[in-house]
Amino acid sequence: MSTTSKASQRINALLDENSFVEIGALVTARATDFDLKQTETPSDGVITGYGVIDGNLVYVYSQDASVLGGSVGEMHAKKIANLYDLAMKMGAPVIGLIDSAGLRLQEGADALNAFGEIYKKQVDASGIIPQITAIFGNCGGGLAVFPTLTDFTFMESTKAKLFVNSPNAIDGNEISKCDTSAAAFQSEEAGIVDVVADEATIYAQIRELISYLPANCDDDAVADCEDDLNRVAAELANCVGDTAIALSQIADDMAFFETKANYGKSMVTGFIRLDGMTIGCVANRTEIYDEEGKLVEKLDAVLTPAGCEKAAEFIKFCDAFEIPVLTLTNVKGFASCTCAEKKMAKAVAKLTYAFADATVPKVNVIIGQAYGSAYVAMNSKAIGADVTFAWPTAEIGSMDAKHAAQIMYDGKGADVINEKAAEYASLQTSAQGAARRGYVDSIIEACDTRKYVIGAFEMLYTKREDRPSKKHGTV
């Protein structure tokens, strides 16, 4: 492997020192049309091989933009396909480092077929081994399907470009008006990118993510835990708004790896460890604080199409890899606007389906409001939560007590409505009322949440649950 190419430098920066072993270094292009015979194509524009991250086996390919722009041709694709075959046999993740001009036009139909071969390998591997993509240069046209067929995508913040159509090729748009290929657009608007950062940070973040993931769908994601299992989280009750902070308070060593932080911000997804076990987390969010503890954004306690879709995809990943799911619920309804209404019902259906279909251990903690069918969709006991906890201040019911009283006692005076609202709150929207009906298993103090959820997941460790026999669902 050349030690000078950017492609090789990226591999060395990602993997444990001196651990990379290259495969197919002598492969070159077979095509001779359009003067390719006279063009040197070392490694055919992609370096492939294997190495370790913190001792864990991974397979890596890194495209070399200095060789025909890193374009994908027949032999380039065969090297990546071969890498996938090895990864599937060994049950280890594949990490793709993308920097490519796209389809190699000189190879025509051969290059087009090569794209399809890689797509097929990615589809076959989905749900069996984790797939990660990091984009450092161009990733356009059909190549843009690569990251969207994988599980997690990282994107360099300034130089990386991800697009199906070039911004200037989109009717009514130009790159100066809206750079649809930029990391900001792809992470905030499209929701494809999990992490946007500089190159060095991306390597560190991929290494951290790998530490949370099992090597394959039959492996366990467990690490040593030195944190106190009964640790009291005294500040947790103050974190109802920003549940990214709440999850870190609950987690071993207060570490939380957030995915798609810039997309669907009213929904938090990511990984924590509890007693060393990796747990996938989904939580509603109404506030965002920066690293200095300053409130930077307030959000409604509602489900949005983007948030639902983000959570549904994350839950499906967790279920495929036997990663238990924890939810923190604080939701009162649905986003209400014309734009949201176009996608809302379908998005909520996807979220409901993902929770109900998942057979992994599922624990729900109701930390704030839990109203209406928005609450039902958030991993409620009705759709399959194994254990449901609620904080004493939680509100659980069909709607806010005051609104319910106004509807039921329309035309009555304010005194009657206030009296009936208080009665309704006590009977129908309190945590105690839900617990009396069996919809909540235990009412717990916020500060004790860590020990209770750890206990629940340990109890559920050997959970086995079947679904009706079928090929697959259709939602």
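Just so you know, these numbers come straight off a predicted model, no measurement behind them. Note: hydrogens, waters and symmetry copies are ignored here, and every other heavy atom, side chains too, is used.
Minimum heavy-atom separation, Asp99 to Gln63: N-OE1, 3.1 Å. Across Cys308 and Val348, no two heavy atoms sit closer than the pair SG-CG2, 4.0 Å. Among all heavy-atom pairs drawn from Cys318 and Val325, the shortest one is CB-CG2, 3.8 Å. Looking at every heavy atom in both residues, Pro167 comes nearest to Cys178 through CB-O, 4.0 Å. Nearest approach of Val376 to Ile383, heavy atoms of both residues: O-CD1, 3.2 Å.
Counting heavy atoms of neighbouring residues, nucleotides and ligands inside a 6.0 Å radius, atom CD of Glu341 does not exceed 12 of them. With a 6.0 Å radius and a threshold of 12 heavy atoms from other residues, nucleotides or ligands, Asp228 has its CG atom above the threshold.
The closest side-chain heavy-atom distance from Phe457 to Leu326 is below 4.5 Å. With contacts defined as side-chain heavy-atom distances shorter than 4.5 Å, the pair Lys260/Ser187 does not qualify. Side chains of Val282 and Met267 form a contact here, defined as non-hydrogen atoms less than 4.5 Å apart. Taking the side chain as every heavy atom from C-beta outward, Leu247 and Gln249 never approach each other to under 4.5 Å.
Contacts of Glu291 classified as salt bridge (charged side-chain N to carboxylate O under 4.0 Å, His left out), with partners at least two apart in sequence or in another chain: none. In this view, Lys343 satisfies the salt bridge (charged side-chain N to carboxylate O under 4.0 Å, His left out) rule with no residue, not counting sequence neighbours.
The pair Arg10-Glu199 counts as a salt bridge, with a side-chain nitrogen and a carboxylate oxygen less than 4.0 angstrom apart. Residues Arg285 and Glu258 are paired through a salt bridge, judged by an N-O separation under 4.0 Å between the basic side chain and the carboxylate. Arg273 has no carboxylate O lying under 4.0 Å from a charged side-chain N of Asp253, or vice versa, which leaves the two without a salt bridge.
Screening Thr150, Asp194, Thr153 for a side-chain hydrogen bond (donor to acceptor under 3.5 Å, both in side chains) with Thr133, the sole residue that qualifies is Thr150. Test Val365, Leu328, Asn330 against Trp391 for side chain to side chain contact (heavy atoms under 4.5 Å, CB included) and you get one pass: Val365. Residue Asn284 is tested with Ile367, Thr243, Leu303 for a side chain to side chain contact (heavy atoms under 4.5 Å, CB included); the sole match is Leu303.
Side-chain polar atoms of Glu156 and Thr158 form a donor-acceptor pair below 3.5 angstrom. For Tyr263 and Glu188, the side-chain atoms include no donor-acceptor pair closer than 3.5 Å.
Between the side chain of Tyr119 and the backbone N or O of Gly142 there is at least one donor-acceptor pair closer than 3.5 Å. Panel note: side chain Arg231, backbone Ala251; a donor-acceptor pair is recorded below 3.5 Å.
To the nearest 0.5 Å, atoms CE (Met90) and CD1 (Ile129) are separated by 11.5 Å. Between the OG atom in Ser181 and the CD atom in Gln186 there is a gap of 7.5 Å [rounded to 0.5 Å]. For the atom pair CD of Glu313 and OG1 of Thr259, the computed distance is 10.0 Å after rounding to the nearest 0.5 Å. Rounded to the nearest 0.5 angstrom, Tyr461 OH and Glu458 CD are separated by 10.5 Å. Rounding to the nearest 0.5 Å gives a distance of 5.0 Å between CG of Leu162 and SG of Cys139. Rounded to the nearest 0.5 Å, atoms OG1 (Thr352) and CG (Asp357) are 12.0 Å apart.
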Is there a side-chain contact (heavy atoms from CB on, under 4.5 Å) between Leu295 and Ile288 once you walk through the steps? CA-CA 6 Å; Leu295 179 64; Ile288 300 176; 5.8 Å; no

As a quick check of understanding, evaluate side-chain hydrogen bond (donor to acceptor under 3.5 Å, both in side chains) for Ser430 and Arg436, giving each step before the final call. CA-CA 10 Å; Ser430 67; Arg436 282 195 291 268; 4.7 Å; no

Test side-chain contact (heavy atoms from CB on, under 4.5 Å) on Arg450 and Asp227; report intermediate values, then the result. CA-CA 11 Å; Arg450 172 174 163 81; Asp227 199 351; 3.5 Å; yes

Which donor-acceptor pairs under 3.5 Å do side chains of residues 81-88 form with protein atoms, sequence neighbours excluded?
| residue | atom | partner | partner atom | Å |
| --- | --- | --- | --- | --- |
| Tyr84 | OH | Gln131 | OE1 | 2.7 |
| Asp85 | OD1 | Lys121 | NZ | 2.8 |

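A centroid separation of less than 6.0 Å is found between the aromatic rings of Tyr203 and Phe136.
Identified under the ring-ring contact (aromatic ring centres under 6.0 Å, His included) test for residues 307-335, with sequence neighbours left out: Phe152-Phe317, Phe271-Phe314, Phe317-Phe321. Evaluation of the side-chain hydrogen bond (donor to acceptor under 3.5 Å, both in side chains) test over residues 50-62, restricted to residues two or more places apart or in two chains, returns Asp54-Arg207. Identified under the side-chain hydrogen bond (donor to acceptor under 3.5 Å, both in side chains) test for residues 377-387, with sequence neighbours left out: Thr327-Asn379, Lys381-Asp441, Asp386-Lys463.
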